[in-house]
Structures are given as C-alpha cells and as structure tokens.
Amino acid sequence: MKRVVVTGLGAITPIGNNIEEYWDGLKQCKNGIDKITLFDSTGFNIKLVAEVKNFVPEEHFDRKELRNYSRFSQFAAIASREAFKDSGLNMEKVDPYRVGIIIGSGVGGLKDIEDEKETLMEKGPSKVSPMFVPRMIANIAPGNISIELGMKGVSMAVITACASATHSIGEAYRYIKYGEQDVVFCGGTESNITPLGIAGFSNIKAVSTSLDKNRASIPFDKERSGFVMGEGAGVIVLEELEHAVKRGAKIYAEMVGYAATSDAYHLTAPSPDGAGAAKAMCQAMEMANAKPEDISYINAHGTSTKINDKVETIAIKLALKEEAKNVAISSTKSMTGHLLGAAGGVEAIACIKAIENDFIPATINYKEQDPECDLYYVPNEGINRKVNYAMSNSLGFGGHNSTILFKKYVAE
C-alpha cells in the first residue's frame, strides 16, 4: 500500500477566485450569496444564489477554448491550472501514463442544453451547434484538462450528484494507494445557475426562498429552509509519497481514508436513521487507523435543508459516539452556497487548509439552535485549534454517501 499526499490546490468559488482568496474568504466569514445576475429571475421564487464573482472568461481562455469550453469546464480548467502550477509538476520529467485526472460534476453543461434546445425549436435541427455534445457532457471537463496538460493516465468523471467531487477524490486516492498511478488531479466542477436548474430544484422544495442573504444558507440553524445554489470548482493534486518527496514537492497533508456507501432508501431524502452516512465515516476512519477521538474537524455536508442537517447530526453521533460532542463541525456552505457536484472539492480544500493552518472555518449566520442539531458547529467565527485529522462528508441524491479523511503529514 502506498502513502498518498496532497501536493497542489486550485479553486474558483463564490467567495474567491483562487486558493488564497477562497481561504481568506473562509477565515473572514465572507458571505458569497447574493441576487441572481446570470439570468432574469422574474417569475422565479428563488432570488438568491452563490455565483462566482468578477469572472471574465476572456481573461483565462482564447477564442478556440471559449468555443469548446462550457462554463463548468472553464471552472474546472481554472482550478486545475492553479493546482498544476501549485504542485510544481513538470510533465516532461514524469511518466504521463502515471498522471491522471478524475473530476466529477453533478450535471455538466446544463446551460448548453437549454440554449441548444431553444435553437432547435426556433431554427431547426441543422442549426444546433456541432460543439453541443462535446461542450455539454460531464466527462469533457477532465478530458479538456488532460489534453491541455498532457496527462495520459486515468481520465474520467464520477457522477454521483452532490457527492461527485468527494467520490472523485476518493477514487483518485485508491488509484495511487494501490500503485496504479503516481499523481491524480481530482475534485469537482459545477455551473447550474440557469433557469432550468433553479426551477427544477425549486420545484422539489430543496432550495431556500429567503430574500435575506444572511438567512438563506444557514446550516444546522432551526430556521433553515433549504440550500442556496452555488457554482465553481475545487481541484486537489494527490500524489504517491515517494514520488512527491523525490521531486521536492510541497506536501500540504496526507490523505488516509475514504469510504462510500449507499442508503438504498429514497431518491432525494437521506435515510432518517443516518446509518449509511455513519458507516461511510466509520469505514474511512478504519482505513486510516484513526479513532473517533483523533478527529479534530468535520467539514459537514450541511446543506441547510431540514432533513439533511438533522440526519447528518445523527450520523456523526453514530460514528463518533461520545466524541461527537467534542469535535468541531462546520458547514462552509453557509458561505459558498451548495456547489452540488463541486462541493466536495472546495470542502476538501477547506479541510486541507485547516490542517495546514490549525484554523477551523465557521458556520456563519447561525442564530437559532435546533434541539435536533445539538453538536458544536463552530458558530459565526472560525477558531484556532490544532487540526490533526480533518474529515469531509458528502451526501448525494440517490442515497450516495462519501467520506474522505486527511491528516497532518509526518515524515517517517
């Protein structure tokens, strides 16, 4: 079994368009939620989202790339380029067939589907763009990046709704742990703030209708009423330890655990007993040879829906038992909104930076305690605390549960 470490980070989020800005936003409790600007929301009961701010695609892509890259692919490319630069990897000095990429997305190019359906109906089938399918399919994000950076190893997209990025990171970990790859770029990307995306989530009553951006995404708060749609991408570089040490790479943390389970219960609702999510946490700790008392921080899935936050609290209690009351838990979705398939990517980065800086981000805008959510959610202000192990949970529609676990790197 190989040891796996983190050697690069990249992100574009509603609270910062690179790693430095994102981490500073988390530390400063920045709220990335505001009014919809990507389309005219007249007639929609959802008015607040978490868009990427000050994003000018032309500053990042040439004309050909803009033709080929949908918005979700643009986000993935920006985060991957940053992670690549941060890692210091030189593709001319490594075996390209041992460098892979796994980047998930919940949906892919939803805006392309909307636009080309309109073209089809108004102008006929001959006018549908020949780039429609290559722009829209979810796997094209890692495909584009593998072409751009010359990665010839595993290249794929894991699609498990809101657990996509966390599963992607976990599967990348397995590829390295079992010796099949030396380096894997992994995470998630999403851009679903579109009329169809907002209408669809609105009509299953999953999204907050609040008009107050400070009371819209409020995980674990008694008054929570739904999540806020976010967008962006988070990508990390996982690398086999000896490979990283040999080339003198900076090591942020070590990845030590991953598990995936299924509730086998309901299309959209988590199992009310929390057993599936708890099992994922327990199996990840078992893989890491970690005990409940070792866990310093949990970045919760924490969507701000009534049922998710209640069930995740139950699951944490099942997994950590008496130690559940001692662990620091926060939902950074209170700041970023819910990035769906990209959520696990940016939240893994929050865990890695927490380990690096011994600082735990807050759950902001927390006011009303819910008796059913009675753990320590780091309310309103981040805390300085030694972080030896950090866990990230993601739960997706379809009953998908995924947990990943990082620890401080210690050379042996």
For [X], what residues pass the side-chain contact (heavy atoms from CB on, under 4.5 Å) criterion, not counting sequence neighbours?
X      : result
Lys250 : Tyr252, Glu356
Ala275 : Asp273
Lys53  : Pro14

Do NZ/NE/NH1/NH2 and the carboxylate oxygens of [X] and [Y] come within less than 4.0 Å?
X      : Y      : result
Lys177 : Glu240 : no
Lys222 : Asp370 : no
Asp358 : Arg385 : no
Glu242 : Arg3   : no
Glu322 : Lys325 : yes
Arg247 : Glu239 : yes
Glu372 : Lys310 : yes

[Y] versus [X], side-chain donor and acceptor atoms under 3.5 Å:
X      : Y      : result
Glu323 : Asn326 : yes
Asn18  : Glu20  : no
Ser208 : Ser210 : no

Taking all non-hydrogen atoms of both residues, which atom of [X] and which atom of [Y] are closest, and how far apart?
X      : Y      : result
Pro379 : Tyr366 : CB-CD2, 3.7 Å
Thr13  : Asn17  : O-OD1, 3.5 Å
Thr261 : Ala277 : OG1-N, 4.4 Å
Arg135 : Phe72  : O-CE2, 3.4 Å
Thr166 : Gly344 : OG1-CA, 3.3 Å

Within 6.0 angstrom of [X] [atom1], more than 12 heavy atoms from elsewhere:
X      : atom1 : value
Tyr376 : OH    : yes
Glu58  : CD    : yes
Glu148 : CD    : yes
Lys2   : NZ    : no

So among Ile176, Ile352, Leu238, Val5, which one has a side-chain contact (heavy atoms from CB on, under 4.5 Å) with Met255?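 Only one option passes, and that is Leu238.
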His167 and Thr160: CA distance, side-chain angles, deciding distance, side-chain hydrogen bond (donor to acceptor under 3.5 Å, both in side chains) verdict: CA-CA 8 Å; His167 276 127; Thr160 50; 2.8 Å; yes
Run Glu51 and Thr37 through side-chain hydrogen bond (donor to acceptor under 3.5 Å, both in side chains) and show every step you take. CA-CA 8 Å; Glu51 297 176 356; Thr37 69; 2.4 Å; yes
Is the distance between the ring centroids of Tyr297 and Tyr389 under 6.0 Å?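 Ring centres of Tyr389 and Tyr297 not closer than 6.0 Å.
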So that I know where these two stand, are Tyr377 and Phe220 an aromatic pair - ring centroids less than 6.0 Å apart?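 Centroid distance Tyr377-Phe220: below 6.0 Å, so yes.
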Check: [X] side chain, [Y] main-chain N or O, donor-acceptor pair, under 3.5 Å:
X      : Y      : value
Glu118 : Asp115 : no
Thr189 : Ala233 : no
Ser334 : Ile364 : yes
Asn401 : Leu395 : no
Glu171 : Val158 : no
Gln181 : Ala172 : no
Lys408 : Ile355 : yes

Test Asp294 against Asn388 for side-chain hydrogen bond (donor to acceptor under 3.5 Å, both in side chains), laying out the working first. CA-CA 7 Å; Asp294 295 327; Asn388 290 316; over 6 Å; no
In terms of the angle between their ring planes, are Phe201 and Phe397 parallel, tilted or perpendicular, with boundaries placed at 30° and 60°?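 Judged by the thresholds at 30° and 60°, the geometry between Phe201 and Phe397 is tilted.
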Assess the residue pair Ser392 and Glu347 against the criterion (side-chain hydrogen bond (donor to acceptor under 3.5 Å, both in side chains)); give the C-alpha distance rounded to whole Å, side-chain angles, the decisive distance to 0.1 Å, and a yes or no. CA-CA 7 Å; Ser392 182; Glu347 289 159 13; 4.6 Å; no
Among Phe55, Tyr69, Phe75, which residue meets the ring pair (Phe, Tyr, Trp, His ring centres under 6.0 Å) test with Phe61?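 For Phe61, the ring pair (Phe, Tyr, Trp, His ring centres under 6.0 Å) test succeeds with only one of Phe55, Tyr69, Phe75, which is Tyr69.
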For the pair Arg215 and Glu223, evaluate salt bridge (Lys or Arg N to Asp or Glu O under 4.0 Å) and give the outcome as yes or no after the intermediate values. CA-CA 8 Å; Arg215 296 299 290 160; Glu223 296 180 353; 2.8 Å; yes
